Each structure stands twice: as C-alpha cells, then as structure tokens.
Amino acid sequence: CMGLYLNKYLWLIAFAIGILFVRQLVASTASSSERIEHAGDLLRAGAIDSAIVAFSAAVEKDPASEAAVLGLARAFIVAGQPQKALHHLKTFLSKRNPLAFRVRLLLAEVHIALRQYEQAERQLVAFAGLKKNREHSVIAYLLNTSYLLQHKYAEVISNSGRFLQLDGPTDSNGKIRFQRALALYKLGSFENAISDIRVCLKKTGPINSDVFILLGQLHEALGRPKEAQLAFLSALKASPDSSRIYEALGDFNSRVARYSRASFRYSQALEGDPENAEIELKYGKSLFMQGSFDKAEQSFSKIVSIKKVKDRAHYWLVRTLLEKDSDTRAVGVAQNYLQENPEKNWAVLTLARLFRMSGQVEPAKSILTQHLSSSSNPVELYNEIRQLESPMLAPQTRPDVVSGRIPATSSERFYEVKNGDTLSLISQRVYGDAEKWNILLEANRHQVSDPNLIAPGTLLRLRGLE
C-alpha cells in the first residue's frame, strides 16, 4: 500500500515536470519567433546593422531555425555583403538541413548575384526534378535569369518551353513568358516575342511596366513607331515614378530624332535617379543633337570622371567643344585623356585633325606616329598619316569625303562615318535637318540595315544636295 501511495505521487510529479517542459518549449518557440519578427521589422525599416545583430542573435539561440538563417542572409545581401550571406547559407545546409529548399533557392540567387552562374545552375537543376507547381516556377525563373545574364538566349527559350509545356498554368504572373519574349527579342524573332507578350498582357493582376517597355521596343524594331509610343506610355501609366520608363521614352524619341522630347524624358529620369551616369550621358547627347551645346557641355563635364562612361563622356565633351569653336579647350581635354588612354584612336585622330586644320602638319604627323604602337587600330592611324603626306589625292581614287556640311561643287559626294554617328546626326550635319535621315538610309541600303548602328569608316553616298 505504501508503494502504491508513493507511486501515485511520482506520477503526479512527472506529469507536473512534463507540463513545465512543454510550457518552456512553447515560450522558447514564441520568443524565437518574436526575435525573428523583430529583426525583420528592423530590416524593413532600413536599420540594416541592427537587423544583422538581431538575426545573428536568433541564429545563435536556435542554429536550426531556417527562418533565422534566411533572414540573416537577406540582411547581409541588403548590406552589400553577399559573401557573408553565402557562408551562412552553406553552413546551414552542411550542418543542419541539406534539403532546405528555400535556403538552396536563396543560395542560388546569391551565386547569380556574384556571377557564379555554374554553381547557381547546379543548385537549381538538382532541384528541378524534385519540386513542382509554384516551386518549379521559381526554379525555372532563376535558371532563366542566370542564362539571360550570360546572353544564353537559346537556353532561355529551351528552358521556358520545357517549363510552360509541363507546368504552364503555374506561370500565373507571366514571368517565364516574359523572359522567353526577351530572349526572342535579343535573337531577332520579334513576332514570336510579341505573341508571348500578348499572353503576358492577358494575365490577371497588375502588369509589370517591363512588359510594356519590351512591347514598345518590339514594335519599334518592326517599324511601328505609333504602336511603340503607345506601349511606352502604357508603361508610364503602370509605374508613373519609374526612371527606367522615362529613360525608355527618351531612347525612343532619340531614335526617331525627336531630341527635344528625348531630353525632356531624360531629365525626368534623372529626377528619380540623379546619380545615373548612363542617363546623364544620353541627356547630354540629346542636348547636343538639338544644338544646346552649353547645356550639353555641362552634362558631359559632370560624368567625365565616372569609370563606366568615362570614354564616351570624353568623346562627346570634345565634340561639343569643337562645335562651340573652343578648339584649344578641346585639344586640352583630348590630350589629358590620351595620357591615361594612349590606345584610344578617336582622341589621337581628333588632335591630329585639329593640328591639320590649323596648318600644323608636322605636329599632326608626330602625334599619329607616336601612338601607332599603342593604338587599338593602328591601320586607321596609318591611313591618316598617308593622307597628311598626300593631301591632294586624285578625285578618281578617292571620293569627296567630308566631316560636316558638303560644299555644293562635287558631283559625287560621300560622308565618312565617325564614332558615335547616327543617320539622324549625319542628316543634321549634311542637310541641316535631322528628319531627313531616311534619304541617307534609302541611298545606302546595301550597307546600312540599322540607322543607329553604322560602322565607323563607312562611306555613305549623299543625295538630294543639289
């Protein structure tokens, strides 16, 4: 009886201990969840350093928490430290859960961000056969992203085709079709790309402005300027504050030689992204094409020290100074640029031609000869030296090649294309009207297919100058 009595109390004690353990476990879980939620709030509020500290504490408290590791990795990514994110994700996979799908997906994203495309594709392909539905669509999307960044457009089309054939209904927002349309556009299959875009436009929910931008580019490539403009304006309605859309509208107006509208759109883009050197360069070029050389000079001067656009900014700054008849300043800019970039032909040729125009033939020859060994295209410099040595070439051996307006004396007239030239720019110089670029296109169909892509050195036949 005494034993039964004691056994009864032992069971009660064990039951009480069990209840305390469960309560502690629940409290611990709730505390961990609260810590992760608090860290996430810090990250969303922009307090990145504090978020990293909070997520690190959550991981230290519960190393097996997938949510804590994912949050810490994302915080490191936002902080611009992808290598640390990579380290924590790999550690979790190797020590805790090698099959954690969300962790592997984020790991693939980090590999893509670091341009480690093979590692990313290895991670994604390994899971492609295991996961279906929504997860499969994420894998296909990330694979396409990796392929697009490597310009592997055929692989994008193939991967998208497999996914849409097997799991097409899961592409609810049209992301995979959009990626395929982009690849088709890059490969020149414009009509097929438009077919995919039309499917994207039928999807429910808000439409990404990128879809309208690509549609505009496709219509433009097919020679449909009105449809292109409507598409770009639709992109603006879909996302009215996007600098990218204003930039796309500026690009469109530049290509159709509406430079005043282009500069207005580029200025709008710069309001949203004032530090974007590429947009600033385009803005300066549109001002140059309008003849607003003072404003163009200011624009190019802002960005001559930025590495990404340094070469092009110097080139356009020199051209602008020449148009303003500031030859001395143009020479100074070109000489300073050449000290750092002796292989750049355009600067060498600019200096040589400026010297030649002022009658200083020997200094012109000297600078050309000096840069022959370092030039990226010595043949171009050698031909210029030959012209200096034999300035009076017979008309039958060389047509009348000009770099500006054409004197109305020669019966056979040509224009030699320079770096940065477009048909609109040449038309402005030759005819005094940028809208007459189509005359040049018709006269040179045999060697010009794209009005905006003309190889320097091409001799364009000129018509309509009588």
Side-chain angles (χ1 to χ4, degrees), residues 148 153 156-157 160 164 171-273 276 278-279 281-283 285-287 289-290 422-425 427-428 433-439 441-442 449-453:
L148 284 169
Y153 303 122
V156 174
I157 295 168
S160 301
L164 293 170
D171 187 29
S172 57
N173 54 12
K175 283 186 176 181
I176 309 298
R177 281 193 183 275
F178 174 76
Q179 289 179 318
R180 185 169 72 175
L182 182 58
L184 289 166
Y185 167 67
K186 294 292 186 180
L187 293 175
S189 186
F190 304 133
E191 291 291 359
N192 289 329
I194 286 180
S195 297
D196 268 340
I197 290 294
R198 283 174 180 157
V199 175
C200 292
L201 293 174
K202 292 178 182 177
K203 298 291 181 182
T204 56
I207 297 172
N208 193 312
S209 58
D210 289 341
V211 175
F212 288 114
I213 291 175
L214 180 56
L215 181 61
Q217 292 170 333
L218 286 164
H219 280 309
E220 193 178 353
L222 290 167
R224 303 167 184 166
K226 290 183 179 179
E227 291 87 342
Q229 189 168 21
L230 283 173
F232 289 128
L233 292 173
S234 296
L236 197 57
K237 289 178 183 177
S239 180
D241 299 323
S242 174
S243 293
R244 287 184 60 253
I245 301 171
Y246 286 123
E247 182 184 4
L249 277 165
D251 292 344
F252 167 73
N253 284 304
S254 287
R255 284 190 287 267
V256 295
R258 296 173 184 165
Y259 298 113
S260 178
R261 293 185 191 180
S263 61
F264 172 66
R265 292 303 188 186
Y266 288 136
S267 66
Q268 288 180 304
L270 286 169
E271 286 176 10
D273 192 1
N276 193 313
E278 289 285 356
I279 298 176
L281 182 66
K282 292 176 181 179
Y283 177 58
K285 287 165 71 174
S286 65
L287 292 168
M289 298 300 294
Q290 294 175 68
T422 64
L423 288 190
S424 298
L425 176 58
S427 177
Q428 180 68 42
D433 183 358
E435 300 289 344
K436 292 186 176 181
W437 61 270
N438 57 319
I439 298 175
L441 183 60
E442 289 301 321
S449 56
D450 186 336
N452 298 300
L453 295 174

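It should be emphasised that the depicted structure is a prediction, and the values quoted were computed from it without experimental measurement. All values below come from the heavy atoms of this structure, side chains included, with hydrogens, waters and symmetry mates left out. The chain is numbered in sequence order, starting from 1.
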May I have the list of side-chain donor-acceptor pairs in residues 230-237 shorter than 3.5 Å, sequence neighbours left out?
from	atom 1	to	atom 2	distance (Å)
Ser234	OG	Leu230	O	2.9

Does Ala228 offer a backbone N or O that forms a donor-acceptor pair with the side chain of Glu220 under 3.5 Å? no
Taken to the nearest 0.5 Å, the spacing of Gln217 CD from Leu182 CG works out to 8.5 Å
Note, Arg244 side chain near Asp210 side chain (heavy atom, < 4.5 Å): yes
Any non-hydrogen side-chain atom of Leu184 less than 4.5 Å from a side-chain atom of Phe190? no
Less than 4.5 Å apart, any side-chain heavy atom of Lys285 and any of Ser254? no
Asn276: what forms a side-chain contact (heavy atoms from CB on, under 4.5 Å) with it, not counting sequence neighbours? Asp273, Glu278, Ile279
Main-chain N/O of Ile157 paired with Ser160 side-chain donor or acceptor, under 3.5 Å: no
Test item: Asp251 and Tyr266 side chains (from C-beta on) under 4.5 Å apart, heavy atoms: yes
Donor-acceptor list for residues 193-201 side chains, cut-off 3.5 Å, not counting sequence neighbours:
from	atom 1	to	atom 2	distance (Å)
Ser195	OG	Glu191	O	3.2
Asp196	OD1	Arg177	NH1	3.0
Asp196	OD1	Arg180	NH2	3.0
Asp196	OD2	Arg180	NE	2.7
Asp196	OD2	Arg180	NH2	3.4

With rounding to the nearest 0.5 angstrom, report the OG to CG distance, Ser267 to Leu287. 9.0 Å
Just wondering, do Phe252 and Arg261 contact through their side chains at under 4.5 Å, heavy atoms? no
Interatomic distance, CD@Glu227 vs CG@Leu215, rounded to 0.5 Å, equals 9.5 Å
Separation between CG of Leu270 and NZ of Lys282, rounded to the nearest 0.5 Å: 10.5 Å
